[in-house]
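Only one structure is covered here, and it is reproduced in the block below.
Every chain is numbered from 1 and lettered A, B, ... according to where its sequence line falls, protein lines coming before strand lines. Both backbone and side-chain heavy atoms feed into the values below; hydrogens, waters and symmetry mates do not.
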2 protein chains.
Amino acid sequence: MTRSEENYLKTIYHLGGDEKVPVSTNAIAAQMETKPSSVTDMAKKLAEKNLVDYQKYQGVVLTSLGKQTALQIIRKHRLWEVFLYEKLDFQWDEVHEVAEQLEHIKSEQLIDRLDALLNYPKFDPHGDPIPGKDGLLAVQKKTLLSELEEGQNGLFVGVKDTSTSFLQYLDKNQIALGQSIRLIERESFDQSLQIEIQGRSLRLSHQIATNLYIKTD
Amino acid sequence: MTRSEENYLKTIYHLGGDEKVPVSTNAIAAQMETKPSSVTDMAKKLAEKNLVDYQKYQGVVLTSLGKQTALQIIRKHRLWEVFLYEKLDFQWDEVHEVAEQLEHIKSEQLIDRLDALLNYPKFDPHGDPIPGKDGLLAVQKKTLLSELEEGQNGLFVGVKDTSTSFLQYLDKNQIALGQSIRLIERESFDQSLQIEIQGRSLRLSHQIATNLYIKTD
DNA sequence: TTTCTTTTTTAGACATCCCTAAAAAAAGAT
DNA sequence: ATCTTTTTTTAGGGATGTCTAAAAAAGAAA
Ligand SMILES: [Mn+2]
Ligand SMILES: [Mn+2]
Ligand SMILES: [Mn+2]
Ligand SMILES: [Mn+2]
């Protein structure tokens, strides 16, 4: 497996290659900031290796081998993110870029031991679940903050947008994973929310609220 | 800098590109298990980037930029070896291969923090010095065991050969870095040595003795 | 259903890094 | 000084992964 092949598999998985709905050439190209013609080339290569099913003009779907492979790369990515965050004091908006490189290191022993060093974490610093060696994901029932009802309580357990700017916005407002949240009121005009988080009262725009995952009580 | 360019620089450095004596095309090819024609191609590329001085048929010499670059890659390699050995319980014969991959990860912050996590180690698990951020090497005065005189004492501080088979030979004979050694007698017939190490008496062949570094008292 | 637009593929090319085979230069031997 | 061997370079090409431009197919609109 080349680094490029691994990156394509991961992208296809993130674009929903999980289901049987095919992922389009253009969608992959946009996500990877590359050209559709390059994607077509790679689709053929991955199909050749039985990692995706590909039919001309029909997009690609991960095979079960492709899905397992993608999950193992995601496992490495997220374990490295935990390492950077827990052991090297990186901020949660700094871990992704370096993990993009580290996820391609090939050594099963390395990942097993890293997993042990970190005490077998189940979630990465953004609240995303870490696939096991067997490729299984701990699925946590979570709701977007924007979908809570007034008066509902919950725990902030994950972010949907993991961009630096969004993560830094949360830092600036002292919003961090694990905090308890209560939806006080939804303003029907602009869908903005009044919430109470760790005792503090805050107003959040709809856009913010659609990027915070809450585990309701 | 591509991964390949980095590997060439490191190899040239190890082959003595430190001094002004040029390193030959064939020597580099042999060390890297590649073909001389590939080395010639790369020599031109590195010269273009001012990392080596190259003149047709004269081999290559690292420029000071090339030397600094090589030392930073070696710094990363050895810090990762310490990490694998100290934090992930790898054996000293297992660290090199994975470090060959990790040394190419690009993140100054990562290396700085790793250095801190490891408590700014000065030597890697094989006793090799770790270059500083400034490229300076802690030079330790050390002698090959084969060059000690009868009756001399010292500490075992490094290995010259770092092959798996040699390292495992040492493990099997419970010879480990930091142990104190005394040369009892040299057999003039085959240059084998009778030594005392940590109280135990051992006989070592000349070949073994030429691969152990001793810091004499 | 025909036309227009968007998506996808193909054709051809370029950069990197590697190879083999052959030519050229350097080094060693007589 | 000439011949022989070794080293190094050049020439040409293959694999990977990318791109642009043009052709083909699919989808949407009229
Ligand atoms: Mn990430
Ligand atoms: Mn993450
Ligand atoms: Mn090493
Ligand atoms: Mn080492």
Checklist outcome for this item: Nucleotide by nucleotide, nucleotides 5-19 of chain D touches protein heavy atoms under 4.0 Å in the pattern (B base, S sugar-phosphate only, - none) --SBBB-----SSBB
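Considering A/Leu65, A/Val23, A/Leu9 in turn, A/Leu9 is the only one that fulfils the side-chain contact (heavy atoms from CB on, under 4.5 Å) rule with A/Val52.
Taking the six-membered ring where tryptophan is involved, the planes of A/Phe166 and A/Tyr169 are essentially parallel, since the angle between them stays under 30° and well short of 60°.
Among residues at least two apart or in separate chains, there is no ring pair (Phe, Tyr, Trp, His ring centres under 6.0 Å) pair with a member in residues 119-146 of chain B.
In this structure, a donor-acceptor pair under 3.5 Å is absent between the side chains of B/His14 and B/Gln31.
Other residues, nucleotides and ligands place no more than 12 heavy atoms under 6.0 Å from the CD atom of A/Glu97.
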